[in-house]
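Data first, discussion second: the structure below is written as structure tokens.
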Amino acid sequence: MSPRHPALVWLRDDLRLADNPALRAAVDGDRPVVVLYLLDEESREIRPLGGATKWWLHESLTALQQRLEERGGSLVLRRGKAEEVIPAVVAETHAEAVFWNRRYGAAREIDARLKTRLRDDGIEVASFSANLLVEPWEVTTGQGEPFKVFTPFWKAAQERPFRDAVPEPREIEGRRADGDRLDDWGLLPTHPDWAGGLRETWEPGELGARHRLEEFVEDRLADYHRRDEPAVEATSGLSPHLRFGEISPIQIWDRLHGPLDGGALRNRAKFLSEVGWREFNHGILFQQPKLHTESYRPEWDAFPWEKPHNAELDAWKQGRTGIPLVDAGMRELWHTGVMHNRVRMVTASFLVKNLLVDWRVGEAWFWDTLVDADEASNPGNWQWVAGSGADAAPYFRVFNPELQREKFDKHDRYVKRWVPELGTDEYPEPIVDLKQSRQAALDAYQHLRNS
Ligand SMILES: Cc1cc2nc3c(=O)[nH]c(=O)nc-3n(C[C@H](O)[C@H](O)[C@H](O)COP(=O)(O)OP(=O)(O)OC[C@H]3O[C@@H](n4cnc5c(N)ncnc54)[C@H](O)[C@@H]3O)c2cc1C
């Protein structure tokens with residue numbers, strides 16, 4: 001009998017066994033399966049991971065490796081340029097098929113080129129919808145154009161039929177191949193090890209994602225109407241799990257349409273609409289793959305940003321601006337790898353509007369420090385705050401961090417958690433006058449409109 005040739009499953013932002021259409025297709029094909037994760041920091045279309053997402057990736061791959069092994073599979077780790085490594089692994093393993101789940105940023109150009117090349121070599125290649133509820137090209141206006149405004153987008157998206165979740169394989173006929181040792185990739189910080197707060201906060205991996213979803217639905221969804229209050233634990237904390245595809249939005253959707261009690265049921269639509277913003281941002285990324293470098297609305301590239309003042313920028317990054325809500329948020333980010341959504345808006349607005357720093361500078365800091373940093377939602381939201389994005393907040397809407405604090409953290413519970421020295425001599429004076437800097441921002445905006 002001739003040897004059976006394997007199928008290669010190339011995992012990217014889909015580090016899960018359940019509802020993984022590419023993995024499922026390979027297992028169902030009655031062939032041995034090589035499961036590969038490739039760390040590509042070299043291809044032009046790839047944006048290398050920041051420090052916090054590298055930490056997460058290490059932990060998530062460790063968890064995935066274990067789950068694959070429990071089912072008879074294994075995880076092959078390779079590093080390098082996708083267009084060199086994938087054909088090399090195909091050749092080494094004599095794979096006759098390659099499967100992957102789609103991505104939506106600039107890297108899809110790599111996928112398109114590889115698909116053509118492998119097919120030319122006689123390899124079966126298939127890509128799957130896995131990480132969004134609907135494919136961006138399926139949700140269009142009556143004129144067939146992509147949506148630029150969230151509300152009609154989300155309405156149209158929900159009218160589309162969603163795919164069914166696919167079951168997790170119970171057994172995998174794994175085929176081994178040469179690969180790297182995860183520890184040799186150096187994804188974890190060492191000197192200094194700044195990841196203590198991340199370890200305290202998170203359980204990366206598919207099982208962690210499932211626990212988080214279940215715990216949210218059972219304990220916190222009923223409070224989701226208080227999601228804007230940073231001291232209340234009312235949101236899901238699912239963003240990094242979604243970022244790495246440890247859980248799919250279809251799994252979330254299905255769970256939210258399963259058993260729910262009254263309070264949770266009342267908040268379901270609002271919660272799902274936030275998941276809808278993730279879809280919307282991916283649609284925007286699909287239209288504009290250079291979302292982190294170019295303004296979605298090109299006229300914004302003429303905005304007169306100030307050259308960042310190093311001392312001010314450091315104060316912002318380190319949470320020493322003398323503006324309590326901004327400082328609390330920036331410290332939460334450094335410690336936990338996330339920041340509450342409302343506080344993200346406030347800290348971003350402060351940088352872009354009160355300090356007049358180009359949104360790209362803040363986006364890059366978040367990219368390095370957020371565990372949920374993703375190519376669509378990070379630049380999409382920064383551009384939303386700056387005013388240059390799709391369905392963006394108008395530029396003249398400058399968040400007043402003191403009013404936001406009064407409204408959403410009335411008793412300073414959140415601020416005091418992160419800024420315990422508030423009210424003592426140790427706490428710095430504000431680095432800018434909020435009123436004057438707001439006016440300077442409005443003047444700069446007027447300049448853009450007149451130009
Ligand atoms: C300046 C700025 C930068 C941001 N950068 C990111 C980022 O890199 N990655 C990221 O996932 N989110 C980003 N967000 C959006 C949002 O802050 C986080 O998704 C949210 O705080 C995650 O917490 P949660 O999972 O508890 O959210 P929940 O309220 O429980 O929401 C559920 C899910 O919906 C999605 N979601 C919620 N709000 C948004 C939003 N505004 N845009 C897109 N998706 C959303 C997330 O996947 C989230 O996990 C950013 C927001 C701002 C203002």
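Predicted model, so just to flag it, every value in this text is computed and none were measured. Remember, it's 1-based here, ligands and their atoms both numbered in the order they're listed.
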re atom 24 (P) of ligand 1, the protein heavy-atom contact at minimum distance is G237 N, 3.6 Å

Counting non-hydrogen protein atoms only, what is the nearest one to atom 48 (C) of ligand 1? Give residue, atom name and distance. S239 CB, 4.1 Å

Specify the protein heavy atom at minimum distance from atom 17 (O) of ligand 1: its residue, its atom name, and the distance to 0.1 Å. N341 OD1, 2.7 Å

How far is atom 38 (N) of ligand 1 from the closest protein heavy atom, and which atom is that? E274 OE1, 3.3 Å

Residue K115 excluded, over 12 heavy atoms near NZ under 6.0 Å: yes

Out of curiosity, is F271 lining ligand 1, as in a heavy atom under 4.0 Å away? yes

Could you tell me whether the side chain of L242 reaches within less than 4.5 Å of the side chain of I252, counting heavy atoms only? yes

Would Y224 count as a contact of ligand 1 if the rule is a heavy atom under 4.0 Å away? yes

Does a donor on one side chain and an acceptor on the other come within less than 3.5 Å for Y414 and E229? no

Any M345 heavy atom less than 4.0 Å to ligand 1: yes

So, regarding S236 and ligand 1 (criterion: nitrogen or oxygen to nitrogen or oxygen, under 3.5 Å), is there a contact or not? yes

Protein contact to atom 47 (O) of ligand 1 [nearest heavy atom, distance to 0.1 Å]: L242 CD1, 3.3 Å

Among protein heavy atoms, which sits nearest to atom 10 (C) of ligand 1, and what does the distance come to when rounded to 0.1 Å? S377 CB, 3.6 Å

Nearest neighbour in protein (non-hydrogen) for atom 15 (C) of ligand 1: N381 ND2, 3.6 Å

